[in-house]
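Just so you know, residue 1 is the first one in the sequence shown, and it goes up from there.
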Amino acid sequence: WDAAYERELQTFQDIGDAGEIWFGEESMVRIIRWLEKQKVPLDSSVLDIGTGNGVLLVELAKSGYMNLTGIDYSPSAIQLSEKVREKEGMSNIKLKVEDFLAPSAELSGFEICIDKGTFDAISLNPDNAVGKRKEYVRSLCSVLKPEGFFLITSCNWTKEELLNEFREGFEILEELPTPKFCFGGRIGNSVTALVFQRKK
């Protein structure tokens with residue numbers, strides 16, 4: 001990941017392109033629309049897990065959200081997101097190099113946690129993926145307030161699989177609509193987007 005973000009950082013410095021938006025623009029719109037529909041207060045504390053280039057946080061800030069934090073375990077990703085933040089003039093976005101599987105003590109009390117592809121990336125880790133997924137759920141429980149919302153976008157997992165992964169400590173609130181495709185007479189989604197609520 002460091003190498004990928006170092007390339008994106010260089011590209012940003014050369015031509016001002018912030019790089020890839022995971023799952024495309026519509027995935028950000030989907031998240032923001034849900035927050036607005038739920039009338040989530042603009043001062044709610046939001047954590048973007050695996051923020052990458054930080055573009056989602058910039059879009060949230062443009063929509064009026066004020067208490068935004070992005071973390072990534074790649075220092076190059078955080079450097080890139082800092083540059084994007086500066087370019088957009090969004091100085092109120094907090095950014096930190098942080099390993100979500102071993103979060104620091106100050107990473108707690110968030111009302112909303114958002115994940116676009118980070119759980120997917122952790123799931124693909126060849127070194128004890130099952131254990132890492134369990135650590136992820138534990139970390140999520142420690143950083144998200146009881147009754148807080150967790151919005152996850154995944155291209156690796158079906159709704160049923162995600163319900164199983166997050167069954168301890170979370171309940172499903174809603175499945176967000178994602179593009180459908182038909183293959184061999186069956187209809188499916190290339191992306192799953194779910195909203196969970198942390199149990200009390």
Side-chain angles (χ1 to χ4, degrees), residues 1 4-5 7-8 11-12 17-40 42 44-74 77-78 80-81 83-85 87-88 90 93 95 100 110-124 133 136-137 140 143-144 148-163 165-166 170 172-183 187-198:
W1 289 110
Y5 283 115
R7 276 195 304 277
E8 288 198 357
T11 304
F12 184 80
D17 176 12
E20 188 168 347
I21 296 168
W22 279 41
F23 306 114
E25 295 275 348
E26 79 273 6
S27 66
M28 295 196 297
V29 171
R30 194 184 304 128
I31 289 165
I32 292 167
R33 202 176 283 146
W34 187 85
L35 293 171
E36 288 172 346
K37 195 179 85 186
Q38 299 301 315
K39 299 191 169 38
V40 169
L42 294 175
S44 300
S45 54
V46 178
L47 177 66
D48 186 18
I49 302 164
T51 197
N53 58 16
V55 169
L56 172 61
L57 292 172
V58 167
E59 291 305 314
L60 284 164
K62 286 178 180 173
S63 299
Y65 292 90
M66 299 171 274
N67 191 351
L68 302 169
T69 302
I71 60 165
D72 206 295
Y73 83 127
S74 164
I78 293 298
L80 176 61
S81 52
K83 296 247 187 279
V84 171
R85 173 183 71 182
K87 181 188 172 200
E88 297 288 345
M90 301 291 183
I93 297 172
L95 297 164
F100 189 66
F110 287 93
E111 289 154 292
I112 293 144
C113 288
I114 301 173
D115 179 319
K116 284 190 328 87
T118 300
F119 186 70
D120 286 353
I122 287 168
S123 303
L124 295 172
R133 293 199 309 266
Y136 182 103
V137 175
L140 188 60
V143 303
L144 184 63
F149 300 120
F150 172 54
L151 290 80
I152 182 168
T153 305
S154 168
C155 61
N156 286 11
W157 300 94
T158 64
K159 176 184 177 181
E160 289 67 33
E161 288 169 329
L162 287 170
L163 289 179
E165 290 292 326
F166 293 94
F170 296 89
I172 179 86
L173 276 189
E174 200 174 333
E175 180 173 13
L176 303 181
T178 59
K180 294 196 178 333
F181 67 92
C182 187
F183 183 78
I187 291 176
N189 297 61
S190 55
V191 172
T192 305
L194 301 179
V195 181
F196 288 95
Q197 187 164 28
R198 192 181 153 203

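Rounding to the nearest 0.5 angstrom, the gap separating the CG atom in Asp115 from the CG atom in Leu151 is 10.0 Å. Here the CZ-CG distance, from Arg85 to Leu68, works out to 11.0 Å after rounding to the nearest 0.5 Å. For the atom pair CG of Leu95 and NZ of Lys83, the computed distance is 12.0 Å after rounding to the nearest 0.5 Å. Once rounded to the nearest 0.5 Å, the distance linking CZ of Phe196 with CD1 of Ile172 reads 4.5 Å. Residue Lys62 holds its NZ atom at 8.5 Å from CE of Met28, rounded to the nearest 0.5 Å. If you take CD1 on Ile93 and CD on Glu88, they are separated by 8.5 Å, rounding to the nearest 0.5 Å.
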Next on the checklist: Would Leu35 and Phe149 count as a side chain to side chain contact (heavy atoms under 4.5 Å, CB included) here? Give the steps.
Outcome noted: CA-CA 10 Å; Leu35 293 171; Phe149 300 120; 5.8 Å; no

Next on the checklist: Would Cys113 and Leu140 count as a side chain to side chain contact (heavy atoms under 4.5 Å, CB included) here? Give the steps.
Outcome noted: CA-CA 8 Å; Cys113 288; Leu140 188 60; 3.9 Å; yes

Next on the checklist: Pair Phe166, Leu194 - check side chain to side chain contact (heavy atoms under 4.5 Å, CB included), show working.
Outcome noted: CA-CA 11 Å; Phe166 293 94; Leu194 301 179; over 6 Å; no

Checklist entry - Given Asn67 and Ser45, is the side-chain hydrogen bond (donor to acceptor under 3.5 Å, both in side chains) satisfied, shown in steps? => result CA-CA 5 Å; Asn67 191 351; Ser45 54; 4.6 Å; no

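Between the side chains of Thr51 and Asp72, no donor N or O sits under 3.5 Å from an acceptor N or O.
Of all non-hydrogen atoms in Ile78 and Gly70, the two that sit nearest each other are CD1-O, 4.2 Å. Across every non-hydrogen atom of Leu173 and Trp34, the tightest pair is CD1-CZ2, 4.4 Å. Annotation for Ile112 and Leu144: closest pair N-CD1, 3.9 Å, computed over non-hydrogen atoms. Between Ser44 and Glu111 the shortest heavy-atom distance is CA-OE1, 3.4 Å. Annotation for Met90 and Val58: closest pair CE-O, 4.1 Å, computed over non-hydrogen atoms. In this structure, Leu162 and Thr192 approach most closely via the heavy-atom pair CD1-CG2, 4.0 Å.
Taking the ring centroids of Tyr136 and Phe100, they lie under the 6.0 Å cut-off. Two rings, from Phe150 and Phe119, have their centers 6.0 Å or more apart.
Proximity of Leu60 to Ile114: side-chain heavy atoms (C-beta onward) are separated by under 4.5 Å at one or more points. The closest side-chain heavy-atom distance from Ile31 to Glu59 is not below 4.5 Å. The shortest distance between side-chain heavy atoms of Leu163 and Phe170 does not fall below 4.5 Å.
Judged by distance alone, with hydrogens and angles left aside, the side-chain atoms of Asp120 form a donor-acceptor pair with the main-chain N or O of Cys155 at under 3.5 Å. Between the Arg30 side chain and the Leu176 main chain, no donor and acceptor come within less than 3.5 Å of each other. A donor-acceptor pair under 3.5 Å links the side-chain atoms of Thr118 to the main chain of Ile49, judged by distance alone. Side chain of Asp48 to backbone of Gly50: no donor-acceptor contact under 3.5 angstrom is found.
The residues Arg33 and Glu36 are annotated as not salt-bridged, no charged nitrogen and carboxylate oxygen being separated by less than 4.0 angstrom.
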